[in-house]
Amino acid sequence: MVLRMACPTKRRGSDNWYYRKRLPADVQAILAKLPKEQRPPNWYKDHISISLKTPDRAAAKARCPDVAAQVERTMASLRAGPKSLTIKQINALSGELYVGLANALEDKSVVTAAQWLRVAEVNEQVRRGEYGAFAKLGIHKSAEDRCRASMEQRFGKITDAFLVARGIITDAESRWKLIDMASRDLTVMARRLARNADGDFTPDEYPKRFAKFDEQSTKQSSQRTLTGLVEAWYKAALDRDVRKRDATRIKRRFEMLIEFLKHDDAGRVSKQDIVRWRDHRLASKISIKTINDSDIASFTNVFNWGVERGWLVGNPAERTTIKAKRKAKLREEFFTRDETAKILRHAAGVIGSKREHPKTTAAKRWVPWLLAYSGARAAEMIQLRKADLREDPACGWVLRLTPEAGSIKTNAFCDVPVHKHLIAAGFVEFVNSAKTGHLFCDLGKDGTITGPADGVYSRVRELVREVVNDENVQPNHAWRYTFKTYGLEAGIQEHILDAISNHSPKHQGGKYTKVTLKARAEAMARFPRYPTD
């Protein structure tokens with residue numbers, strides 16, 4: 001049933017009217033990831049159904065606008081993501097909980113003063129970690145852990161229900177601070193209700209300590225979240241033509257950092273937090289090069305951007321790289337002739353399985369050969385399309401690596417003549433028989449080649465490792481060294497080898513020296529054929 005109208009509707013089996021609304025797809029996706037206790041009541045997988053608590057249509061219709069407004073506020077909070085609350089906001093929310101519960105319970109004449117005092121006593125025991133199953137069983141070793149577990153058990157659900165009712169989505173630390181503050185204030189409330197039950201209705205001065213909740217503070221604090229910072233950086237990076245693959249990887253580093261820190265407040269990230277992250281990665285056996293060049297470099301990039309635009313006071317990742325001895329060089333970076341023969345023979349003999357995608361099998365068969373005779377970056381060769389192969393009347397078969405097919409590091413096309421060994425091995429026939437589109441992987445769900453290409457890159461890497469397991473040589477990147485090394489040995493000029501492998505010139509003057517397709521084709525004709533026997 002299509003639920004479009006935000007007006008009272010009837011539900012079978014009930015006399016009351018209901019507010020019903022279909023949830024937008026993005027909100028459905030957000031709800032699916034939320035912990036159960038943080039999901040608004042009566043919000044289902046794809047729709048909302050909230051009782052208006054009346055069988056009278058006129059009364060139900062009058063209540064609809066208020067319910068609809070609350071629904072919109074909650075959806076806005078969900079879309080904005082968890083927000084860190086200030087101590088003033090936490091104080092205000094605890095005050096709302098205090099006043100709301102006190103007003104609702106003060107007329108409950110069935111509850112005696114002694115019973116209310118018992119509630120206050122239990123609350124105090126909970127705050128000390130001396131009450132409940134956690135204290136009796138001794139599950140938690142430290143007093144702090146016992147206290148936290150007991151507080152969560154007694155006050156967690158009421159705090160979550162209150163936040164959901166207020167339409168506030170906060171982070172774990174702010175939630176815990178609210179639980180802590182509310183546990184104290186609700187203990188005071190219990191004593192007040194004990195006095196009421198005993199006939200003492202002296203005006204309550206306690207609510208004067210509470211601030212008024214400031215929604216604007218939440219909006220301002222949302223601009224200081226790590227998620228908000230990296231999302232803004234990501235958009236700006238794409239606008240200035242940063243490769244989407246690189247920007248996405250940096251964004252992923254921040255998602256990992258947020259998960260590690262267990263909060264999303266950019267203003268709270270310190271240098272010690274980055275050092276702790278660094279040590280955590282080292283303990284996880286991540287290489288120092290990856291930590292420095294990928295993790296710390298990503299953080300520095302985004303934090304510096306945030307400082308320039310006033311999001312942050314300083315860059316917490318500054319001077320946090322790991323200083324280490326240069327790794328011992330135990331061999332050359334290129335493949336030996338024996339290794340090239342093993343890899344190319346192994347690739348030529350690839351047989352696909354029923355479970356393996358045919359394009360992955362094709363990549364394992366052809367990508368090592370293409371890298372061997374081009375020195376190209378593996379990721380750029382993996383994103384080849386059928387349309388990228390053409391026959392030039394003067395120069396023969398040519399492959400074009402182009403940003404139109406996917407991400408190119410230099411963001412510039414590169415024409416690569418097809419070596420005669422590739423032609424003899426059947427590469428041209430393979431391309432001509434292939435379907436239109438990418439040869440070695442399909443587009444991902446996001447409409448880009450990035451994700452699928454990364455998967456194929458790993459499969460090709462694993463194939464090479466099956467025959468060359470020396471960790472001192474890189475299974476895909478080594479082909480860039482290999483092509484240029486053996487090309488130079490064959491007498492091909494270095495700047496021509498650079499042009500074929502799409503390597504940037506080493507100096508400004510080199511940018512003015514263009515290598516024609518004819519010069520590339522003549523050089524490729526002189527490039528020696530790798531032995532595969």
Side-chain angles (χ1 to χ4, degrees), residues 245-246 248-250 252-253 256 277-299 320-351 353 356 360-361 363-383 407 409 440-441 450-489 497 501-503 530-533:
R245 176 189 288 124
D246 294 338
T248 299
R249 285 174 178 166
I250 289 175
R252 174 58 186 149
R253 284 291 188 281
M256 294 164 64
W277 162 268
R278 187 188 72 186
D279 294 344
H280 162 71
R281 296 280 277 171
L282 275 173
S284 301
K285 307 300 181 184
I286 304 301
S287 72
I288 291 176
K289 179 176 175 57
T290 297
I291 295 170
N292 284 342
D293 296 351
S294 296
D295 295 1
I296 305 301
S298 295
F299 300 152
T320 58
T321 53
I322 302 172
K323 295 178 181 177
K325 292 182 179 179
R326 186 182 295 274
K327 185 177 179 181
K329 183 176 178 180
L330 304 177
R331 61 161 290 168
E332 295 290 356
E333 293 91 344
F334 58 87
F335 291 124
T336 66
R337 295 191 186 279
D338 181 56
E339 287 170 335
T340 61
K342 287 180 179 178
I343 295 169
L344 297 182
R345 280 200 307 269
H346 190 50
V350 164
I351 299 175
S353 65
E356 186 172 72
T360 302
T361 305
K364 290 160 67 175
R365 165 63 184 92
W366 290 112
V367 170
W369 282 66
L370 290 166
L371 300 180
Y373 285 113
S374 68
R377 299 174 183 89
E380 295 172 5
M381 197 58 83
I382 286 168
Q383 62 199 23
S407 181
K409 186 172 184 179
F440 303 126
C441 55
T450 303
D454 286 345
V456 172
Y457 183 99
S458 297
R459 301 291 86 75
V460 173
R461 186 181 189 279
E462 291 164 5
L463 176 88
V464 176
R465 277 287 181 241
E466 290 172 6
V467 290
V468 178
N469 56 13
D470 187 343
E471 294 294 331
N472 295 297
V473 64
Q474 300 178 68
N476 286 338
H477 194 65
W479 286 117
R480 285 176 74 71
Y481 293 98
T482 304
F483 175 76
K484 296 182 75 173
T485 298
Y486 293 135
L488 188 65
E489 186 179 76
L497 293 168
S501 59
N502 206 11
H503 224 144
Y530 291 104
T532 55
D533 300 331

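R377 and S501 get closest at one heavy-atom pair: NH1-O, 4.3 Å. Considering all non-hydrogen atoms of both residues, A297 and D293 come closest at CB-O, 3.2 Å. Listed here is the closest heavy atom pair of R461 and P475: CG-CG, 3.3 Å. For P368 against A347, the heavy-atom pair with the smallest separation is CG-CB, 4.1 Å. The two residues L497 and L488 have their closest heavy-atom pair at CD1-N, 3.5 Å. Residues E356 and T361 come closest through the heavy atom pair OE1-OG1, 2.5 Å.
Under a 3.5 Å cut-off, the side chain of R480 and the backbone N or O of S374 do not form any donor-acceptor pair. T340 contributes no side-chain N or O that, together with a main-chain N or O of F335, makes up a donor-acceptor pair within less than 3.5 Å. Of the possible polar contacts, none joining the Y530 side chain to the Y373 backbone as a donor-acceptor pair under 3.5 Å is found. Distance alone, capped at 3.5 Å, places no donor-acceptor pair between the Q383 side chain and the A453 backbone. Remark: the backbone N or O of N472 is not paired with any side-chain donor or acceptor of R331 at under 3.5 angstrom.
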- Evaluate side-chain contact (heavy atoms from CB on, under 4.5 Å) for L463 paired with V350, printing each intermediate quantity in order. CA-CA 9 Å; L463 176 88; V350 164; 3.7 Å; yes

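Side-chain contact between W277 and M256: present, with at least one pair of heavy atoms (C-beta onward) separated by less than 4.5 Å. When side chains are defined from C-beta on, D454 counts as touching R249, because their heavy atoms get closer than 4.5 Å. Here the side chains of E471 and R465 are in contact, with some heavy-atom distance below 4.5 Å. Side-chain contact between C441 and I382: present, with at least one pair of heavy atoms (C-beta onward) separated by less than 4.5 Å. At least one side-chain heavy atom of I322 sits under 4.5 Å from a side-chain heavy atom of L282. Within the 4.5 Å cutoff, no side-chain heavy atoms of E333 are placed close to those of T485. Here the side chains of T532 and W369 are in contact, with some heavy-atom distance below 4.5 Å. In this structure the side chain of V468 reaches within 4.5 angstrom of the side chain of V473, judged on heavy atoms.
I291 CD1 to S298 OG: the interatomic distance, rounded to the nearest 0.5 Å, is 12.5 Å. Put simply, CG on D338 and CD1 on I343 are 9.5 Å apart, with the number rounded to the nearest 0.5 Å. Rounding to the nearest 0.5 Å places CG of N292 at 11.0 Å from NZ of K323. In this structure, CD1 in I250 is found 11.0 Å from CG in D295, a value given to the nearest 0.5 Å. Summarising the geometry, atom CE belonging to M381 is positioned 13.0 Å from atom OH belonging to Y457; distances are rounded to the nearest 0.5 Å. Between R281 atom CZ and I288 atom CD1 the span is 13.0 Å, to the nearest 0.5 Å.
In this structure, R459 fails the cation-pi test against F440, since its NZ or CZ atom is not both closer than 6.0 Å to the six-membered ring centre and inside 45 degrees of the ring normal.
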